[in-house]
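Scope of the values below: all heavy atoms of this structure, side chains included, with no hydrogens, waters or symmetry mates.
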Amino acid sequence: LPTIGGEKDILKTLTFYPGVTIGAEGTSELFVRGGTSDQNLYLLDQIPVYNVTHLGGFLSVFNADAMQNIDFYKSGFPARYAGRLSSVVDVSLKEGSKSDFGGEYSIGIITSKLLLQGPLSKKKNASFLFASRTSYLGLINLFRSREESSSLLNYWLYDINAKVNINLKKGKFFASYYSGLDN
C-alpha cells in the first residue's frame with residue numbers, strides 16, 4: 001500500500017475491510033460497523049494498549065518492522081477478547097532469529113527505525129528482538145533561535161519494542177516490553 005512519509009501503518013490498512021472506516025482523513029482511528037474508536041480492543045502480545053496513535057492520530061504505535069502477525073476481528077470475536085463492542089486488533093511481535101544476529105534500519109521523512117534480533121544462547125532455544133522508532137521533527141529547532149521556535153516543531157515521539165523468547169521442554173516462555181511517548 002502507498003505510505004505517507006514512508007511510514008507503514010497497519011491501522012490504515014485495516015480500513016480496506018468492509019464496515020471499517022477512519023475518523024478524520026489521515027488519522028489512524030478506526031470506526032467499525034458504526035461504533036466509536038474507543039469501542040475497539042487493541043492488544044500487543046496479549047496486553048491491552050489504550051492510546052494507539054502518535055502525532056494527533058497520524059501514526060499508530062505499532063511498528064510494522066517488529067510485527068509478525070495481526071488478527072483483526074470485527075464481529076463474532078472469541079470470548080477471550082471480551083471487553084469491547086466493535087472490534088479486536090491483536091498484534092503479535094516477531095520472535096527474533098534463533099540462529100543469526102542481524103539488524104535493519106531505515107531513515108524516513110518523519111521517523112527513523114532500528115531493529116536488532118538474534119539468539120540468546122548457543123543451544124539456539126532462545127532469541128531476542130529489539131525495535132525502536134523515533135521522530136526528529138524537533139531537530140529543526142536546532143537551527144532557529146528560541147524566539148522563532150514554534151511549539152509544533154518541538155514535537156517528537158518514540159516507540160520501543162523488545163521481546164525475549166525461550167523454548168522450554170514443555171512449552172514456550174516469552175516476555176514483551178513496549179514503551180512509547182509523544183512530547
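- A donor-acceptor distance shorter than 3.5 angstrom exists from the side chain of Lys74 to the backbone of Pro18, with no hydrogens or angles considered.
- Hydrophobic cluster membership for Phe77: Leu41, Leu43, Tyr73, Tyr81, Val88 (Ile, Leu, Val, Met, Phe, Trp, Tyr linked by side-chain heavy atoms under 4.5 Å, directly or transitively).
- Using a 4.5 Å cut-off between side-chain heavy atoms of Ile, Leu, Val, Met, Phe, Trp and Tyr, with links allowed through other members, Leu120 and Phe173 fall into the same hydrophobic cluster.
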Output, in order, the C-alpha distance, side-chain angles, deciding distance and verdict of side-chain contact (heavy atoms from CB on, under 4.5 Å) for Gln117 and Phe130. CA-CA 6 Å; Gln117 60 182 340; Phe130 174 82; over 6 Å; no
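- With rounding to the nearest 0.5 Å, the separation of CE in Met67 from CG in Leu93 is 9.0 Å.
- Across Ile10, Thr111, Leu44, Asn161, a single residue satisfies side chain to side chain contact (heavy atoms under 4.5 Å, CB included) together with Asn63, and that is Asn161.
- With no hydrogens or angles considered, a side-chain donor-acceptor pair links Asn125 and Ser121 at under 3.5 Å.
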Determine whether Tyr158 and Ile160 satisfy the following criterion, side-chain contact (heavy atoms from CB on, under 4.5 Å), listing intermediate values before the conclusion. CA-CA 7 Å; Tyr158 77 84; Ile160 295 174; 4.0 Å; yes
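- Side chain of Ser135 to backbone of Leu157: a donor-acceptor contact under 3.5 angstrom is found.
- Using modelled atom types, one finds no donor on one side chain facing an acceptor on the other under 3.5 Å when comparing Ser92 with Asn69.
- Residues satisfying the salt bridge (charged side-chain N to carboxylate O under 4.0 Å, His left out) test with Lys98, not counting sequence neighbours, are Glu95.
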Between Asn40 and Val89, is a side-chain contact (heavy atoms from CB on, under 4.5 Å) present by the stated rule, with each step listed? CA-CA 8 Å; Asn40 303 312; Val89 179; 5.6 Å; no
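- Here the shortest heavy-atom pairing between Asp9 and Ser60 reads OD1-OG, 2.7 Å.
- Rounded to the nearest 0.5 Å, atoms CG (Asp38) and CG (Leu85) are 9.0 Å apart.
- For the atom pair CZ of Phe72 and CG of Leu14, the computed distance is 5.0 Å after rounding to the nearest 0.5 Å.
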Could you walk me through whether Phe62 and Tyr42 satisfy the side-chain contact (heavy atoms from CB on, under 4.5 Å) test, starting with their C-alpha distance in whole Å, then the side-chain angles of each, then the deciding distance to 0.1 Å, before giving a yes or no? CA-CA 10 Å; Phe62 302 114; Tyr42 298 96; 4.2 Å; yes
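- The CG atom of Leu181 sits 7.0 Å away from the OG atom of Ser179 when rounded to the nearest 0.5 Å.
- Not one N or O on the side chain of Ser87 forms a donor-acceptor pair closer than 3.5 Å with the backbone of Ser75.
- The two atoms that bring Gly35 and Ser86 nearest to each other are CA-OG, 3.4 Å, heavy atoms only.
- Of all the heavy atoms in Lys8 and Asp65, the pair that sits closest is NZ-OD1, 3.8 Å.
- Closest non-hydrogen pair, Asn167 versus Lys172, comes out as OD1-CE, 3.3 Å.
- Dense packing is recorded around CD of Gln68, with more than 12 heavy atoms of other residues, nucleotides or ligands lying under 6.0 Å away.
- Cation-pi geometry between Lys163 and Phe174 is met: under 6.0 angstrom from the ring centre, within 45 degrees of the axis.
- For the atom pair CG (Leu30) and OH (Tyr17), the distance works out to 11.5 Å, reported to the nearest 0.5 Å.
- With 3.5 Å as the limit, one finds a donor-acceptor pair spanning the side chains of Asp159 and Tyr178.
- The ring-ring contact (aromatic ring centres under 6.0 Å, His included) pairs that include a residue from residues 82-118 number zero, where partners must be two or more places apart or lie in different chains.
- Minimum interatomic distance between Ser127 and Gly96 (heavy atoms only, all atoms of both residues): OG-O, 3.4 Å.
- Taking each heavy atom of Leu116 and Phe128 in turn, the nearest pair found is O-CE1, 3.9 Å.
- Within a 6.0 Å sphere centred on CD1 of Ile107, heavy atoms belonging to other residues, nucleotides or ligands number 12 at most.
- Residue Leu59 forms a side chain to side chain contact (heavy atoms under 4.5 Å, CB included) with just one option from Ile110, Leu11, Thr53, and that option is Ile110.
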